Amino acid sequence: MKKPLIIANWKMKLGSSESLNLAKKLSRFLKKSIFAEVILCPSFTEIAMVSDILKNTEIKLGAQDCFWEESGAFTGEISPKVLKDYGVQYVIVGHSERRQYLGETDDMIHRKIRVALSVGITPVICVGETFDERQSGVKDITIIRQVEKAISGIWLNKMDKIIIAYEPIWVIGSGQAVDPKEAEHTHNLIRQTLYDALPDKVVDEQIRIIYGGSVEPQIVSLFLKQPTIDGVLVGGASLDSNVFGALIMAAGKI
Ligand code: PGA
C-alpha cells in the first residue's frame with residue numbers, strides 16, 4: 001500500500017522564527033521513521049530557509065501558490081521556475097481562500113497548473129463547494145465543473161503527477177470536518193470526472209485525490225481508511241509540531 005500523503009498548509013499564520021522552529025522540529029521527528037509522505041508549504045518568504053532545513057530529510061517542500069508565467073513583467077508575483085530552483089516540488093493552486101479573496105478564476109487556476117507541470121512541479125489543485133452550493137443541491141455540479149476546467153486539454157507526460165484536494169469550503173478552519181463517507185462519495189465523483197477526461201492508466205498511476213478541511217489527529221485515520229482518499233491537506237493542525245506529529249503517527253497506523 002502507498003504511504004498516505006500529508007500536506008501541511010501553513011497559510012500566512014507563522015512568522016519567520018516560528019517557521020524555522022517548526023521545520024527543524026519536524027525534520028528531527030521525521031528523520032528516523034517516515035509514516036507518510038509529508039510535504040510542508042511555508043510562506044514564500046520562508047521557502048529558502050525551510051528548503052535548507054529539509055535538505056537531507058524525507059520531507060518535501062511545497063509552495064502555497066505560483067504565477068501562471070515563468071517570468072516577465074508581473075510585479076509582485078512568484079515564478080514557478082524560481083520555486084523549482086529553491087527545491088519546491090509541489091504547489092497548491094486554486095485554494096478557496098485565493099479564489100475568495102484574490103478573485104482567482106478557474107481559468108487562472110488552469111494556467112497555473114499548466115505552467116507548474118511544465119517546470120516539473122506537481123500541482124495540488126483545490127476544489128470544493130460553498131455552504132450555499134451544498135444547500136442548493138449544486139455541490140456535485142460545482143465540483144465536476146472545477147475539475148473539468150482545471151485539467152481541460154492537459155496532457156500528462158510519464159513523469160508528471162497531479163494531486164486533487166477536495167476541500168469543502170464551509171468546513172475549512174471550522175473545527176468540524178465532513179463525514180468521511182461523504183468525502184468518499186465526492187472523491188469517487190472526482191475520480192469519475194478524471195476517467196472521463198484522461199486515460200484510466202494516467203488517472204490510476206499519476207493522480208492522487210486527497211481530502212482537506214479541519215483534519216485533526218483524532219480523525220485522520222477515518223479519512224485515510226476510505227478506499228479513494230489518498231491523503232490529507234492540513235491547515236490548523238499542521239502549525240504545532242506535537243499536533244502535526246500526532247497526526248502523522250495516526251496516519252501511519254492505518
Ligand atoms: P484547516 O485548513 O485544516 O485549518 O481546515 C485546510 C486548508 O485550508 O487547506
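Atoms within each ligand, like the ligands themselves, are counted from 1 in listed order. What you see is a predicted model, and the numbers here were worked out from it, not measured in a lab.
At a 4.0 Å cut-off, not a single heavy atom of Ala237 sits close enough to ligand 1 to count as contact. The shell of residues lying under 4.0 angstrom from ligand 1, judged by heavy atoms, excludes Glu216. The closest approach between a heavy atom of Gly212 and any atom of ligand 1 is not below 4.0 Å.
The pair Asp52-Lys55 meets the salt-bridge criterion, with a side-chain N (NZ, NE, NH1 or NH2) lying under 4.0 Å from an Asp/Glu carboxylate O. Salt-bridge formation is not detected for the pair Arg134/Asp140: no Lys NZ or Arg NE/NH1/NH2 atom is positioned less than 4.0 Å from an Asp or Glu carboxylate oxygen. Under the 4.0 Å criterion applied to side-chain N and carboxylate O atoms, Asp107 and Lys149 are not assigned as salt-bridge partners. Residues Lys13 and Glu18 are not paired through a salt bridge, judged by the lack of any N-O separation under 4.0 Å between the basic side chain and the carboxylate. For the pair Glu133 and Lys139, the salt-bridge criterion is not met [side-chain N within less than 4.0 Å of a carboxylate O].
Distance from atom 3 (O) of ligand 1 to its nearest protein heavy atom, with residue and atom name: Gly235 N, 2.8 Å. Scanning the protein for heavy atoms near atom 9 (O) of ligand 1, the closest one is Glu167 OE2, 2.7 Å.
Between Gly236 and ligand 1, a contact under 3.5 Å exists for at least one N or O pair. The N/O atoms of Gly213, backbone and side chain alike, include none that comes under 3.5 Å of an N/O atom in ligand 1. Taking only nitrogen or oxygen atoms, main chain and side chain alike, Ile172 does not reach within less than 3.5 Å of ligand 1. Where the criterion is an N or O separation shorter than 3.5 Å, residue side chain and backbone included, Ser174 fails it with respect to ligand 1.
When each atom of ligand 1 is checked for a heavy atom of Gly173 under 4.0 Å away, the hits are 1 (P), 4 (O), 5 (O). Shown in contact with Leu233 at under 4.0 Å from a heavy atom are these atoms of ligand 1, numbered in order with element: 9 (O).
With a heavy-atom cut-off of 4.0 Å, Asn9 touches ligand 1 through its side chain alone.
Screening Leu239, Leu30, Leu40 against Phe244 for a side chain to side chain contact (heavy atoms under 4.5 Å, CB included) leaves a single residue, Leu40.
Side-chain atoms of Glu129 and Tyr166 include a donor-acceptor pair closer than 3.5 Å. For the residue pair Trp10 / Gln64, no side-chain donor-acceptor distance below 3.5 Å is found, with atom types taken as modelled.
The line from CD1 of Ile162 to CD1 of Ile154 is 5.5 Å long, rounded to the nearest 0.5 Å.
Which of Gln176, Lys11, Gln64, Glu97 comes nearest to atom 8 (O) of ligand 1 through a heavy atom is settled by distance: it is Lys11.
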